[in-house]
Each structure stands twice: as structure tokens, then as C-alpha cells.
Amino acid sequence: MTKSRKQKQKKQDFLRKKLKVGKPKERASNATSTAFVSKTISIRNQHLDQDPHDLTKRLTLLKHHNINVRKETLITFQKSIPSIINSRLMTPLLTQSIPLICDDSQQVRQGLIDLIDEIGSHDAEILKLHCNIFVLYINMAMTHIFSQIQADSTKFLSHLLKYCSDEVVRKSWVKLLNGVFGVLGWGQVGKNEGASVVQTKKRNVKYVNIHLNALYTLVEYGCQDERARGVDSDTTVPFEDSSDLRNPYLIPDCPQPFEHLKLFTRELKVKDPAANGTNATLLSLATQDIETRRAAFSEQFLPVVLKQIEIIIKEGGECGKTANNLKKLLAKVFD
Amino acid sequence: MSEEFIAASTLAKNLEFAKGNEFHTILTTLRSPVYIDEQLLKSELSFLVTKILKLIRSSNDFDLWKGCHTSVVVCAYNPLILSTHGGQLLAAIYSRLEQKTGFYSSVVSSSHGKQLFDTLVSSMAVIIDLVKNKPTLSREALVPKLKAIIPTLITLSQYEPELVLPVLKKILKRNTTTFKPFVNKFRTVLTSLIKSDYASLGSKTQILVCENFAYLHLLKIQASNTSDDESQAHHKVYPDANWRTGLLTILSQFKPIIQLCEEILDFEQDNELQKLVKALPIDTESNNEVEFLPKLKLDFNAPLTLWEIPQRLSLLVDMLVAFISLPTPFPIRVPLGSINSVCEVLLSVSQKYLPLKKELRRDNELNGSINNILPQIQFQGIRLWENVVSKYGKCGLSFFEGILSSIELFIPLKKKSNNEIDFNVVGSLKYEFFTVFRLVNMIMSHLGHQLNTVSVVSQLIDVALFLSRDRTLVDSLFKIRKGNLKQTKTKQSKKNKNNEGALSDIFTHPELFVFKNSINWFNEINEFFITSLNNWILPSTPHIQILKYSITQSLRLKEEFGYIPESFVNLLRCEVLHPGNERVSILPIAISLLKNANDDMFELLCHPKVPVGMIYQLHKPLDLGEQEEEEEEDMSERGNSLNESYSHAIADTKAFKALDNLENVVIPEPERTVSRPVDDAAVFKKRSVEEVSEGEITSMNKKVKIVEEVTLETSEGTTVETIVAQTEVEVKSADESEGEEDEEDEEFEIPAIELSGDEDEDGDNDE
């Protein structure tokens, strides 16, 4: 029987269309076009066209995986310090570059030291503002498992002390002393001698020298008041500004004047006071005044120092000289 | 006072049946001075008194109660009734009291028995007090009856010591001779109270018992009968002989108890201590006075019996304190040295420097008891010292440093460590440390910055800060919890959950299981901190801790109560004024805490300003030459009108400038054309006293005083002038001088102002 038109049409629905050679598949009749037109495209992680004067975008380069990029960024920032020293950029710059203390690459660390020097020579107050973070990362470096980072940590400490000795010494006296002792392999209070040292006994003389210098500076700023130190002729502190005559009722010139009262921080309870009694009390000491610092040093650290520097003096060389200087300083301060 | 008042007789009639509010109304009305009227005496008032007596004599307890209260009110507010009928009322009340005392147990068993006794005794006491000082009245009314009252009271005191002892104490103190025949009886009562019931009495009653016991010794004994005395009979018998005997017997009781402590701790390790113990006073005469105290029975096998030592010591201390602190009609000789040595010995009984005896070291319970009683023994020493220092103040000045070093023995240290304070033990001794701080505050207020032993102070600061924190009892639970978690995994977890249901509050709301401190505690501690901060520069750790404590506590208290208590305000002031080693004082923090407090000191620190009121003094001029010169200048401008004040100011500057080149100044002869009034009329006197030249500021800075004599006779004009002149000078001197001192010391002299008609009046003024 011949099929009706209707039936033919019905069958047609289910017939497969033949594909033609060289031509694309025919579009279905109910197909919708998903083509779109957009006005802008943003591509992350690739700033090909940078404004060379816009430094905020470069901050993220400090975390780049390429050592050279990091180094270059540090150099760029260092060069532009004079222009940005008073801008808002300084704080994010410092907060993001200080973690580079624990960076793997020696060049990056050196670049950071140069940057710190540059900032310090322009305006030391900015560094004082960020003392907390500095000390935190220096401590991290001092206890780092990579020996190179550990060795370089005291360099940072020395450079920091050059500019903000007062702040650092007041806030983190015991912590830094412990750190330096650990780096030197002299053992921290309450822990055994080899606890924090990664390096082998064959230490690089140059590094020991640097560590001893850092210790010297620390003791000098921590245990001597300004008069005894004999102020440099270059940086004569006017008589009125010296600490003896500072008027405590004027507006303070140091940042965060009431931070040491710890009014807004929660102090963690020392969980096991029985275990490390002296250490716990030592860490909870407030070392704001010079007498406490001297007492803490002479009770806990001085014997170890004296014993160890004798050994180093005997070995002689550069380290011997520095150790001798340290010995003289200690004799002057504690007698 | 109106003339319309309720007649006393009406009140009296209503008295019989009054109850409740009506009774109160009657009593209130009787208080009015309207009834103090001699005319009423015979009629109304005697009627009233008869009614009252009837009430007192009735067998109804309620009537008796009413009668007592009415008699008290009437005697107190109406001297007429007191004088005429006081004795009657007293006798009536007393007879009822005697009656009731005889049947004590049956009275007390009724519901209102105690109340009745209370009323009877107190009303009698009040009337006795009222009658006491009046010579005729007491002679007629009181003294004959005292002989009967006292034995009754003594009998009653056995049962109601709290009530009766205050009354007896007063009688004993005032009417010692009347009391004499009953002394022995009273003594027996007191000793039985001390022996048996002392611990069950309230603390106030205990003190009363001791005080009465001490007052028993007020009687002067006759010359002693020992055979030695014939050779010494010519010596004066001190009036306090009996008192002193009593005191010394109590004091001598300490030594045997301390020697008991030698059984616990090995005193032989410390030679000094042994010497001290040997030197303690002992009773040479072995009177039987204090042997009523039974001997202590201690048993090392029953460790709790060891607590009798501190209890006995506490009793002895109470009695001794009564002897040394009560007022007596004669001067007493107090052996401060012996008391001091007793206290020192008591405080040395500690395990810090003396080891436990070897035999005792094994028993845990025993060790625990010993650890608990030793601080209590020390505490008795501290109590005694506290009483001595508070009563005798600077008399014991030589002991104070010793006291502080002994207090160091009281602070518990952790075993096996040199300097660490054992805060757990400290927490349990909080009340004792409160007394310690009171004592230290008293001592420091006498010694101040002359104190040398600062180590004990820093330890005490640590203790104070620790004890000022809220004490949480649930900390230990949080430590154990981790262990418990493992246990809940067993099959008994469901049971555990049931048990732990009640414990959940501890974990969810631990802040509710906290002891807070009282404001008294804070006051004492704050005073201690204030003295420390005032006298020494503390190292930074305790200083910072004190700062933090004061700021946080002030803020917390301000939020809770809306204001900061005074002791904290003082502490904040002290901290601001003495910043110690800090670079910055906490002035801004303190100001914001005390925002609306209008504190003067902080006002001054924040807004330093020149004082508005000047000091006015009158002085004779020192240098006549200069004065004349100035007067010369003033004279030349005398032709001016009332605005001479301004001219005076201008004259000032002229004088200043003239005195610039003092060497070149020629003092001219005063040419007086106008008759100059006497100096007496000088209202202002100007004088440059000193020349102080300071660098670049002005050529001359002088200290000058403004001298003014404001007299009553000066007219308004002159007074106005004075004020105006004053401001002028201020302006000038503000420009020229630096500090406030210059202005305060300004002194300038303006001779008498000539005003028409006022001259004569001015002439009357004296310098």
C-alpha cells in the first residue's frame, strides 16, 4: 500500500541524514547558538604591560618562584625608597619583604639586607614600627632547619640593631639572646646544647665571627645605657632627648607606647610550669628597664658566654679578636 | 512645739492594751519634749510610771516586754522621769530579770524566751548607762542595786554570754570595787566558758570573754606576801601589778606550746632559734591563775589532733590582745620585747629552714596535717603583731624591719626550688594574707622609704597580684578531661553520660564557678601597691603587672558599678605621678578611665595653667630708695583721674625699665608738693625683691609680689581699681616672666590713692 504523505513525513523524522563529504555536519533545527561577545578580558598572573612606576603591583613579585625576579624586585624597591619612604606603600612593603629573611636564596637575603639598610638610613622610625615582625622572622631564621638561613640570621639582627636597638632590646631581650646562643651552638636556657644547631662542628669561621659581632652589639645596647656607651660623634643625641631626661608626660615619640602592658593581648598560660620553671619565668619577664636586662643576662647567660668565649679566644684568628672584644665589654659592663 | 498634745495619762491608759502600731505610736509620742514639764510631774507622769510598773510586774510576757521598752524610752527622753522614778523602774526590771533567770530553762523553751531576756538585759543596761554618770542618781538608785544585779548577770552570762558580757564588762570597768566580792564567781564562769565552749562562741563573743577576763585583773591586789618582800617593801607598788601578772602568765603559756612544736620540727638545726626559745618568758611564780587551761592532748597517730596547737595559740593570742589593748584607768607596762620575741618564734616555725623530724616523714596524712597547721601557727604570730602594731604604732619602731623579714618566712615556696612561690598554697591562705597585707601597710606607713628589705616586698607583690585574680575552681577539671575521653569509649559510656549530665555546666560556663574578690581586699592591696610605688622604683616586671592590674580592674569595676572605687583612683594617681622606669606614663589611659571624675590632679596635669587667685601679703618695703623713686614716678602722674590704676601699671613698666640699668639709676630727692598721706594708707606696695636674669627672654625677670591690703573702708572705686590693677599686672608679667612663680611672687607697691573725700578714711588704715 502506498504510504500517505503524513506517514512519509513521520518516517522522515527518524531517517538519518547522510553526511556529505567535505561539509560539516548539518545543524539541528532546534539548536541554539551559544556564541557570545565580551567587552574585556582579564588574564591573571600575567602583567605584560606594567606601569613602570606602579610599585604596588610589584609587591606580589616578592613571592615569585624565580630567584632572580625576587632579587630584581628588591633592588627596584631599594632604588625607589627615597620617593616612597613617606607613602602608604612602606607598610605592605615591609610586611611582605620581611618573610624573605627565611628565603632559600642567599642573594635574596642579601638584597633584603640592603633594602633594610636603605630604609634605615632614610627613616628609622618605620623599622621601629615593624620590630615585632622583624623579631619574629629573625627568630624563625635562627631556628631554621637550613643551616644557611640560620647562619645569616644574625646579620639581620645586627642590621636591625643599628637602627632600632632600643625597641628591640626592650621587647625581645631573652628571646634574642636565646636565639643567638642557639645559633652559636651554646645551648639555650632549659634546653641542651645541641638543640638548635643544624651545622656541624666544623663551623665556618666567618659566620661565627658574624654571630659574635651580633652578640656584642646586643649586649652593648641591652646592658649599657646611653651614657656608658659613649655616643658617637656623628649621631650626637641632644641632651634633652637622652633617656634620663625624657619627660614621661609628653606625647610619646616611640610607636605603640603601651604595648608592653599587654592590655589587649591574651597571655597564654604556661601549661606545665613545673617542667621548665626558670625558662617560663624568664620568658615572662618584662625587660623594659635596663636593670632587669642586666640581671637576666648576668644570671642566666653570662656564665655560658664567659666559658665559651675563652675557648674561642684560644682558637685565635678573627673570631678570637671579636671574642676578646666581647670579653672586654662584658668586663666593663658587669664589674 | 504645739500646745496641743496628748495627755500622758491618755497614753498611759492606752498603753495597757496597745499592740503593734499603736504601741509604736505611743512610744513615739512619749519621746516628745512636751512631757518634760514639772507641772505634769506629780499627776500625769507619776500615773504613767505607775502604769509602766504595772506592766513590768505583770505575769504576761508581752506586757513585760512592753513595759521594758516604754521604761527605756521614757527614761531616755525624759530626764524628769529618769531622775525621779528611774531607780524604781530599774529595780522593777531587775527583779523580773532575777526571777526569769532563776527559771532560765523554762523561759528559754518558750518561743519568745530569748527575745525576752534580750529585752530585759538591754533595757536594764540602757537605764544603768543613763544613771551612771549622774552622781546623786547613781548613788541613790544604782549602787545599792548593783550588788544584787551583778550576781544575777553573772549567772545569766553562763547561758547568754553574748548578751550579758558587754554589760558586765562596763560594770566591771567602772564599778570595780562594787564588783569585788563577785570576782571569783565571775572568774569561774569565764574560765568554764574558755575551757569548754570557746570554739562554739561567735568571734565577737570570744573577744568579749577575753576582755572580761582581762578586766578581772583591774582589781589592785594588796602587797604581795612573799618572804622576799620585806627587803623590797619600800618599793612602790605599781597600780598595774595585778594586770601585769595576768599578762605575764598568759605570755608564759606560749613557751610550752612552742616546745611542743619542737616535737614536729627539728629545732636543733637553728641555733638562733633555740636561743630565742629559751629566752621566752616563763612564769616564775607558778600561780594557779591560768592553769585552768587544760593540757593539750596530741596524738601523732590521729593527725587531726595536731590542730589543737594552733587553736590553743589562737586562744592565747586573743587573751593577750585583750590585755594589751583594753583601756585601763591606770597606765600599764607592756613587755613589747617579749611579745616581739614570741611572735618571731611563732613565725620561725616553718619548713623553709627547719626540716621535719625524721620519724615523722613517712606518714602522708601526718605530713598533710603538719603542712596545714604550720602556716596557721605562723599566722597567730602575725595576728599578734598586727594588734601590737595597730595599737602601739611607732613604739615598736625598732621591730619593724625584723617583722618584715619574718613575714618572708610566711610566704610558701615550692619545694626543691629557691625562689618560686607555691601559688596553690597561697590560694588557700587568702584570709591570712589579708592580715599580712594589713600589717605590712601599717608598718610601711611608719617606715616609708627608709625601708631596706625590698625582696620581701617584691614577693608580696607577686602574691598580691595572684590573689587578686578571680579564683577559678574548675581549672583542674580541664586537665583531666583528656583522660576521661578515653574512658567514655567503653560500654559504660551511657552510664557515664548520665553522670556527666550535671557536669556539663562546668564545661560550658566555667566562668560561673569563680570566686570574686571583695572590695575590702582590693582596698588593702591597693594601699600596699601605692606605698610600694611611692617609695621605690620597682623593676619593670612587677611594675608592668601592677599597671595592668590597675587598668583592667578599674575598667571592669567601672563597667559593673558605674564608678571607680576610691582606692583604685588613688592607685591610678600614684601610677601617673610615679612612672618609674617607664618611658611613657599612663596618663592618657588614666584620664580616659576617669573621664567624668573631675579629679583635681589629672585636671592639673592635662591643663596646666596659671593660678587665678594671687597671694596677697603685706610687707614693709626693704629698699626705701627704690620705693621712693617709684613713688616719685607715681607722683608725677597723680594728676590723673580715677584711672590711676592703669598708671600704676604703666609705672611698673617704667620702674622695670628704670631698674634695667640699676647701676646708672640716680635716686632723686623726693620733691613732694602734695602732702603725702601716711604709709598706713598704702593700698598697694610695690617692691622688686630680686632680679633674676634669664638668657634671652627679657632683660630682667623679677620676682615681685603683689601686695594688697583690702580694707573695709575702701570705697568701691578703690576695690575696683585693685582688681583692674591686678589684671594689668598679670598681663604684663605673663609677657615678661616665664613661670607661675614669678606671678605669685609679684609684689608691687602703689602708694595711697588720693580720692576726694576718701582720704581721711584711708588714713585710718593700718598696715
Side-chain angles (χ1 to χ4, degrees), chain A residues 128 166-167 169-171 173-174 222 225-226 241-267 269-300, chain B residues 413-424 454 458 462 465-466 469 472 475 478-479 482 536-556 575-593 601-602 604-608:
Chain A
K128 282 190 197 173
D166 206 31
E167 287 289 314
V169 152
R170 274 167 184 257
K171 283 186 199 171
W173 178 242
V174 174
D225 58 3
E226 282 175 9
D241 282 349
S242 71
S243 52
D244 290 349
L245 285 188
R246 228 174 267 160
N247 186 339
Y249 299 104
L250 298 177
I251 297 177
D253 52 2
C254 51
Q256 295 184 324
F258 298 117
E259 189 194 354
H260 59 270
L261 294 179
K262 293 192 188 154
L263 290 170
F264 298 105
T265 61
R266 244 199 219 176
E267 276 199 62
K269 261 196 213 173
V270 180
K271 285 289 169 68
D272 239 347
N276 38 1
T278 29
N279 207 16
T281 42
L282 210 57
L283 286 175
S284 64
L285 267 185
T287 48
Q288 290 284 324
D289 69 323
I290 198 166
E291 285 304 319
T292 319
R293 292 199 289 267
R294 288 167 68 141
F297 186 82
S298 64
E299 279 171 32
Q300 303 290 339
Chain B
L413 292 183
K414 281 195 187 155
K415 293 186 181 175
K416 295 176 192 172
S417 90
N418 276 336
N419 276 328
E420 274 188 61
I421 304 179
D422 189 350
F423 286 113
N424 292 330
V454 188
S458 41
D462 284 336
L465 286 169
F466 172 77
R469 286 177 221 150
T472 64
D475 267 351
F478 288 112
K479 279 188 198 161
K482 286 183 184 167
W536 303 292
I537 293 186
L538 300 169
S540 53
T541 318
H543 194 190
I544 289 176
Q545 283 175 333
I546 295 178
L547 286 176
K548 187 174 177 188
Y549 154 81
S550 62
I551 294 173
T552 45
Q553 289 291 351
S554 310
L555 190 60
R556 188 177 71 85
E575 285 169 354
V576 168
L577 290 176
H578 300 273
N581 281 326
E582 299 285 300
R583 277 188 297 188
V584 182
S585 80
I586 60 163
L587 180 61
I589 301 181
I591 298 277
S592 63
L593 279 173
M601 192 210 79
F602 287 122
L604 205 59
L605 276 177
C606 286
H607 309 290

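Note that this is a predicted model, so its numbers are computed, not measured. Chain identifiers are assigned alphabetically (A, B, ...) following the order of the sequence lines, protein sequences preceding nucleic acid strands; residue numbering begins at 1 within each chain.
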Less than 4.5 Å apart, side chain to side chain, heavy atoms only: is that true for A:L261 and B:I586?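 A side-chain contact exists here, since the closest heavy-atom pair is under 4.5 Å.
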Does any part of the side chain of A:D289, heavy atoms only, come nearer than 4.5 Å to the side chain of B:I537, both counted from C-beta?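 Not in contact.
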Counting only N and O atoms by type, is there a donor-acceptor contact under 3.5 Å from the side chain of B:K548 to the main-chain atoms of A:K262?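 Confirmed, B:K548 side chain pairs with A:K262 backbone.
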Checking the side chain of B:T541 only, and the main-chain atoms of A:A286 only, is there a donor and an acceptor separated by less than 3.5 Å?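 Answer holds: yes.
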Which heavy atom in A:Y249 sits nearest to a heavy atom in B:L587, and how many Å separate them?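 Smallest heavy-atom distance, with atoms named: CD2-CD2, 4.1 Å.
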For the residue pair A:F258 and B:V584, what are the closest heavy atoms and their distance?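 Distance-wise, the nearest heavy atoms are CZ-CG1, 4.0 Å.
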Given B:R583, which of A:P248, A:C254, A:P252 fulfils the side-chain contact (heavy atoms from CB on, under 4.5 Å) condition?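 Exactly one pass, corresponding to A:C254.
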If I measure from the heavy atoms of chain A, does B:P588 come under 4.5 Å with its side chain, its backbone, both, or neither?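 Just its side chain gets close to chain A.
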Side chain to side chain contact (heavy atoms under 4.5 Å, CB included) involving A:I290 - partner list, sequence neighbours excluded: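 Partners of A:I290 under the side chain to side chain contact (heavy atoms under 4.5 Å, CB included) test: A:D225, A:R293, A:R294.
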Between CD1 of B:I589 and CG of A:L263, what distance do you get to the nearest 0.5 Å?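 Answer rounded to 0.5 Å: 5.5 Å.
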CG-CZ distance between B:N581 and A:R170, expressed to the nearest 0.5 angstrom: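 That separation rounds to 8.5 Å.
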Is there a donor-acceptor contact under 3.5 Å linking the side chains of A:Q288 and B:H543?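 Short answer, no.
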A:E259: partners by salt bridge (charged side-chain N to carboxylate O under 4.0 Å, His left out), with sequence neighbours left out: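 Only A:K171 meet the salt bridge (charged side-chain N to carboxylate O under 4.0 Å, His left out) criterion with A:E259.
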Greater than 12 external heavy atoms within 6.0 Å of A:I251's CD1: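 Count not over threshold, so no.
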